[in-house]
Structure formats: structure tokens, C-alpha cells
Trainee: 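One structure coming up, written as C-alpha cells, with questions to follow.
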Amino acid sequence: MRRKDREVIDLKEIIEIINSCDTLRLGIHNGEYPYVVPLSYGFEAVDDKFVFYTHSAMKGLKLDLIKANPKVCVEIDGMNGYVETKTGGVTTNYKSFIGFGTAEIADYDDTVKGLKLLLEHCNVTNHSAEECAKLGITTVLKITVDNYTAKRFKG
């Protein structure tokens, strides 16, 4: 990381960054060009890894690409305007998380867990994750990230 002064290494602060954002961008291999898709998400920190859960239709390009190559990149960010720096310049007041890992289609138990975490993160309180999972109309992706960086402007 070039800007070590902006690196975030404290796990609690990284969790705060992830909690405070609302869109995960998933980068997937697609031959010559990467394929990036914005998604809602839920997550949990497990040991030194993060596990993200997203939902999807039952079929589509995203699922086909993940089945062909499950290695993915996750990007989450938040931007809170622009601020003047100590040297008189202008920079973005931001926070971000970038991680690398693998994506898989969740089994039923992880689907329920993932939908619960996703609903919580999105502040949806009037739906049951188990009832949603029983409908069988959505695919849940489980994305395990074991290599990541986080940073924020600390002006």
C-alpha cells in the first residue's frame, strides 16, 4: 500500500468501515475483461477472514463466471465529500476495503445465515431469513476473503 498513513489495520475499525457502507462491488473473471457487479451484502468476521453474503437470481452470467473461476475481488467504499488537506490541497474524505478470495454458492444453512446477515446489514426488519430461504427463488453467494486491505482518509 502506497499511503501507509491511510492504512487501517485495526479489526474493529475495518468492521466499522464495512458496516458503514452499503454496496459491495464484486469483480469476477470474464475472459479478456473483468466483470464487476454492485451488490447488497451481509458479512461476518471469522478468525482473520471476512465472509460476505450476497443474493442473486437462480441463473445468470455472474453465477456462470463464478462456477468457471471462483477467485474474486471484493471492493467496498464510502465517500463523504471533499476536504482540504493540511498542505492546502483537496482530497476525498473516504473509507475503503478491498479483498481477494473465493465465491461459492451457499448451501441451505449458509443461505439462511447469509440472508439473515444481509437483511440485518440492509436494515430490513420485516422479513425472516428462513422464510426467504424456503421460497427457493434466490441464490446466495458465500464469499470468503482472506487477503484484504482497508484504508481511510484521516484528515
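Side chains are part of it too, since the values below use all heavy atoms of this structure and drop only hydrogens, waters and symmetry mates.
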Trainee: Could you tell me whether a side-chain N or O of Thr138 sits under 3.5 Å from a main-chain N or O of Ser56, the two making a donor and an acceptor?
Mentor: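 Yes: the side chain of Thr138 pairs with the backbone of Ser56.
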
Trainee: Does the Asp10 side chain pair with the main chain of Glu13, one donor and one acceptor, at a distance under 3.5 Å?
Mentor: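 Between the backbone of Glu13 and the side chain of Asp10 there is a qualifying donor-acceptor contact (under 3.5 Å).
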
Trainee: Begin from the C-alpha positions of Ile17 and Val8 and carry the test side-chain contact (heavy atoms from CB on, under 4.5 Å) through to its verdict.
Mentor: CA-CA 9 Å; Ile17 289 170; Val8 178; 4.0 Å; yes

Trainee: Go through the steps to decide whether Met79 and Asn93 satisfy the test side-chain contact (heavy atoms from CB on, under 4.5 Å), and finish with yes or no.
Mentor: CA-CA 6 Å; Met79 195 270 236; Asn93 183 6; over 6 Å; no

Trainee: Under a 4.5 Å cut-off applied to non-hydrogen side-chain atoms, are His29 and Leu65 in contact?
Mentor: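 Answer no - side chains too far apart.
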
Trainee: Measure the CD1-CD1 distance between Ile28 and Ile143 for me, rounded to the nearest 0.5 Å.
Mentor: 8.0 Å

Trainee: Supply the atom-to-atom distance Ile14 CD1 to Asn19 CG, rounded to the nearest 0.5 angstrom.
Mentor: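 Here the rounded value is 12.5 Å.
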
Trainee: Is it true that atom CG of Asp48 has more than 12 heavy atoms of other residues, nucleotides or ligands lying nearer than 6.0 Å?
Mentor: no

Trainee: Let me confirm one number: the CG-OH distance from Leu115 to Tyr53, rounded to the nearest 0.5 Å.
Mentor: 10.5 Å

Trainee: So if I apply the side chain to side chain contact (heavy atoms under 4.5 Å, CB included) rule between Val74 and each of Leu39, Leu24, Ile18, which one comes out positive?
Mentor: Leu24

Trainee: Between Lys95, Arg25, Lys151, which is the residue that forms a side chain to side chain donor-acceptor pair (under 3.5 Å) with Asp77?
Mentor: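 Among Lys95, Arg25, Lys151, the one that satisfies the side chain to side chain donor-acceptor pair (under 3.5 Å) with Asp77 is Arg25.
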
Trainee: What about Ile76 and Val145, same hydrophobic cluster or not, with Ile/Leu/Val/Met/Phe/Trp/Tyr joined at side-chain heavy-atom distances under 4.5 Å?
Mentor: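 As far as the 4.5 Å side-chain criterion goes, Val145 and Ile76 are connected within one cluster.
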
Trainee: Do Val46 and Val140 land in one hydrophobic cluster if side-chain heavy atoms of ILVMFWY residues count as linked below 4.5 Å?
Mentor: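 Linked within one cluster.
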
Trainee: Do Leu26 and Ile66 make a side-chain contact, defined as non-hydrogen atoms from C-beta onward lying under 4.5 Å apart?
Mentor: yes

Trainee: For the CG atom of Leu141 and the CD atom of Glu104, what is their distance to the nearest 0.5 Å?
Mentor: 9.0 Å

Trainee: Considering residues at least two apart in sequence or located in another chain, which fulfil the side chain to side chain contact (heavy atoms under 4.5 Å, CB included) criterion with Ala45?
Mentor: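 With neighbours one apart ignored, the set is Ile15, Phe50.
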
Trainee: Decide yes or no on ring pair (Phe, Tyr, Trp, His ring centres under 6.0 Å) for Phe52 and Phe97, but give the supporting numbers first.
Mentor: CA-CA 12 Å; Phe52 294 91; Phe97 174 94; 5.7 Å; yes

Trainee: Identify, with sequence neighbours excluded, every residue that meets side chain to side chain contact (heavy atoms under 4.5 Å, CB included) alongside Lys49.
Mentor: Thr144, Asp146

Trainee: For Lys62, which residues count as a salt bridge (charged side-chain N to carboxylate O under 4.0 Å, His left out) partner, sequence neighbours excluded?
Mentor: none

Trainee: Who pairs with Asp22 by side chain to side chain contact (heavy atoms under 4.5 Å, CB included), at least two apart in sequence or on another chain?
Mentor: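 Partners of Asp22 by the side chain to side chain contact (heavy atoms under 4.5 Å, CB included) criterion come out as none, since no residue qualifies.
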
Trainee: Side-chain heavy atoms under 4.5 Å apart, restricted to Ile/Leu/Val/Met/Phe/Trp/Tyr: what other residues fall into the cluster of Val36, or is it alone?
Mentor: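 The other cluster members (ILVMFWY side chains, heavy atoms under 4.5 Å, direct or chained): none.
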
Trainee: Taking the side chain as C-beta and beyond, is there a heavy-atom pair between Val83 and Val90 under 4.5 Å?
Mentor: no

Trainee: Which residues satisfy the side chain to side chain contact (heavy atoms under 4.5 Å, CB included) test with Phe100, sequence neighbours excluded?
Mentor: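 Partners of Phe100 by the side chain to side chain contact (heavy atoms under 4.5 Å, CB included) criterion, ordered by chain and then number, come out as Cys73, Ile98, Asn147.
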
Trainee: Same hydrophobic cluster for Tyr41 and Leu63, using side-chain heavy-atom links shorter than 4.5 Å among ILVMFWY?
Mentor: yes

Trainee: Apply salt bridge (charged side-chain N to carboxylate O under 4.0 Å, His left out) to the pair Glu44 and Lys116, showing each step before the final yes or no.
Mentor: CA-CA 11 Å; Glu44 62 183 344; Lys116 179 180 180 295; over 6 Å; no

Trainee: Is there a path of hydrophobic side-chain contacts, each under 4.5 Å between heavy atoms of I/L/V/M/F/W/Y residues, joining Tyr94 to Tyr82?
Mentor: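 No, because Tyr82 and Tyr94 fall into different hydrophobic clusters, even though each may have its own neighbours under 4.5 Å.
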
